[in-house]
Amino acid sequence: MALLPLLTFIILYLAVSIVSGDFYKVPIAVAFLISSVVAIATLRHYPIAQRIKVFSRGASSENMMLMVWIFILAGSFASSANDMGSIDNTVSLALSLLPSKMLLAGIFLAACFISLSVGTSVGTVVALVPIATGLAEETGVGVAMMTGAVVGGAFFGDNLSFISDTTVVATQTQGCRMSDKFRANLALVTPAAVIIFLLYLFIGSEAAHTPEVGETDYLKVMPYLAIILLAAFGVNVMLVLTIGIVLTGVIGVYYGIYDIFGWMQSLSKGMMNVSELILVTMLAGGMLEVVRVNGGIDRLIHVITRHVKSRKGAEGAIALLVTLVDFCTANNTVAIITVGPIAREISERFAVDPRRAASILDTFSCFAQGIIPYGAQLLMAGGLAMISPIEIIPCLFYPFAVGVIATLYIVFGKGKRRQEALKSDGMGE
């Protein structure tokens, strides 16, 4: 019963869409609305007013409101930047700098670099998806393919960056150094990144044609260059977007593309463009809070851990737990916070190296977050690219590659026993 709302959503949105062959058959907001009603109905021992409070607490949590703010600012920036010609000129600049067959691999590398620098996948998606969409239209590479390259690269850095919240939480809950976890993660994800980069080179060389490159007005490129550079230097994503919005207004008014009121209209249009994303985010947050209060996540943890008997089994249990909890919460940081203390208990009981435990937590949470269509990253990417998040999933080569390699890491990797690892780190008794 606790997991019924999530199952309702999966059946309504994913199953019906797959069977019908049309991912627009059931609007995602409607699927979440029905699932939310089911969620409220499952809180059987609460009066209706208390049920609504539980749901509203999840819908308006700090994480949900932060995502809503980012959606509003990102939508406003994307609309005003498009109206003043920033996207077209940024695409022209990229086409003039790179051969068309390298653009797909290049956008993947750019996403890896920015996400590693800024430590957030959402900020990377916001900065690069509009550019990637423009490049896809100019080169003949599919929009979903180009968007998938951005999302994949965004999770590369989210998984590795020292300033990523997932890295901080994973290392703190497992009691290991960030540098040690970074080295463990780097050995795990580098093969996946190299393989996918080469794959993008091949796909780009097969699919791309040489587009006509127009003249670039460098002043109109400034909003996107500012966003990318500020993100690379680790500036808060909301401040980055605000600066980008101001630049689009100043440059647009300077060129006479719109006056101050026209700029405001453009910002308003951008906000309306992300209204469905905001609805989906809040409905998902409320539904998943009900799942948590109903004990759905605790039940998953109990069922998975009761049969663990070996070190590899313990590592597999940690991976499965954080993956399932991320599916339930649609937030990789929350998933690690939820599973982290249990993962540490499992690690201590079965002598799992804390560096491996932290790496597994972070990697599998990013893998899960990278492939769910109702996560903030895919919702934002789909909204900015104006395609369904489901269309992007088959093109998410990097997250799936990381999932496969991380699984092999558990099955075939040896690693040190926990006490040996702690002593080598100078953290033992």
Side-chain angles (χ1 to χ4, degrees), residues 67 70-83 86-95 103-118 120-139 141-158 196 200 204 221 223-232 237-238 240-241 244-245 248 270-271 273-274 276-278 280-281 369-399:
M67 283 193 285
I70 292 173
F71 287 162
I72 291 171
L73 292 172
S76 299
F77 172 76
S79 177
S80 58
N82 181 63
D83 288 347
S86 183
I87 294 176
D88 291 339
N89 280 274
T90 303
V91 170
S92 295
L93 178 61
L95 291 173
L103 285 171
L104 184 57
I107 204 76
F108 173 69
L109 278 184
C112 289
F113 172 75
I114 291 174
S115 59
L116 185 61
S117 302
V118 73
T120 169
S121 49
V122 173
T124 305
V125 167
V126 167
L128 289 182
V129 165
I131 298 174
T133 303
L135 291 173
E137 294 171 353
E138 290 292 331
T139 60
V141 177
V143 172
M145 180 67 70
M146 195 71 85
T147 304
V150 172
V151 175
F155 278 105
F156 173 86
D158 194 0
I196 298 308
Y200 281 142
V221 176
Y224 270 109
L225 287 181
I227 274 196
I228 292 171
L229 289 173
L230 289 171
V237 63
M238 294 178 67
V240 167
L241 287 169
I245 289 170
T248 62
M271 293 180 198
N273 288 342
V274 297
E276 185 180 35
L277 294 182
I278 295 171
V280 166
T281 298
Q369 187 70 17
I371 64 172
I372 53 175
Y374 49 91
Q377 293 80 2
L378 279 183
L379 285 174
M380 175 59 75
L384 292 174
M386 295 187 178
I387 58 176
S388 167
I390 299 292
E391 293 182 59
I392 305 172
I393 291 177
C395 301
L396 293 171
F397 302 144
Y398 177 77

*Minimal non-hydrogen separation, Val129 against Ala381, with atom names*: CG1-O, 3.8 Å
*Does the side-chain contact (heavy atoms from CB on, under 4.5 Å) test come out yes or no for Leu103 and Val141, once each step is laid out?*
CA-CA 9 Å; Leu103 285 171; Val141 177; over 6 Å; no
*asked:* Strictly distance-based, threshold 3.5 Å: is any side-chain N or O of Ser80 a donor or acceptor partner for the main-chain N or O of Phe77?
replied: yes
*For the residue pair Ser79 and Gly270, what are the closest heavy atoms and their distance?*
CB-CA, 3.5 Å
*Find the distance between CD1 (Ile278) and CG (Asn273) and round it off to the nearest 0.5 Å.*
10.5 Å
*asked:* Quick check for you: to the nearest 0.5 Å, what is the distance between Ile392 atom CD1 and Thr147 atom OG1?
replied: 5.0 Å
*Knowing that exactly one of Leu128, Ile387, Val143, Val150 qualifies, which makes a side-chain contact (heavy atoms from CB on, under 4.5 Å) with Thr133?*
Val143
*Non-hydrogen atoms of Ser76 and Met271 that approach each other most closely*: OG-CG, 3.4 Å
*Identify the two heavy atoms, one from Leu104 and one from Ala149, that lie closest to each other, and give their separation to 0.1 Å.*
CD1-CB, 3.9 Å
*Considering non-hydrogen atoms only, spot the tightest contact between Pro389 and Pro373 and give its length.*
CB-O, 3.5 Å
*Apply side-chain contact (heavy atoms from CB on, under 4.5 Å) to Met146 and Ile107, showing your working.*
CA-CA 8 Å; Met146 195 71 85; Ile107 204 76; 3.6 Å; yes
*Sequence neighbours left out, what passes side chain to side chain donor-acceptor pair (under 3.5 Å) with Asp83? Give chain and number order.*
Ser266, Lys269
*Report the distance from atom CG of Leu378 to atom OG of Ser121, rounding to the nearest 0.5 Å.*
9.5 Å
*Mutual orientation of the aromatic rings belonging to Tyr200 and Phe397 [parallel < 30°, tilted 30-60°, perpendicular > 60°]*: tilted
*asked:* For a quick test of reading the model, state the closest non-hydrogen atom pair linking Ala111 to Ala154 and the distance between them.
replied: CB-N, 3.9 Å
*About how many Å separate CD1 of Ile245 and CG of Leu73, when rounded to the nearest 0.5 Å?*
5.0 Å
*Separation of Asp158 CG from Gln377 CD (nearest 0.5 Å)*: 7.0 Å
_Quick check for you: to the nearest 0.5 Å, what is the distance between Leu384 atom CG and Ile131 atom CD1?_
11.0 Å
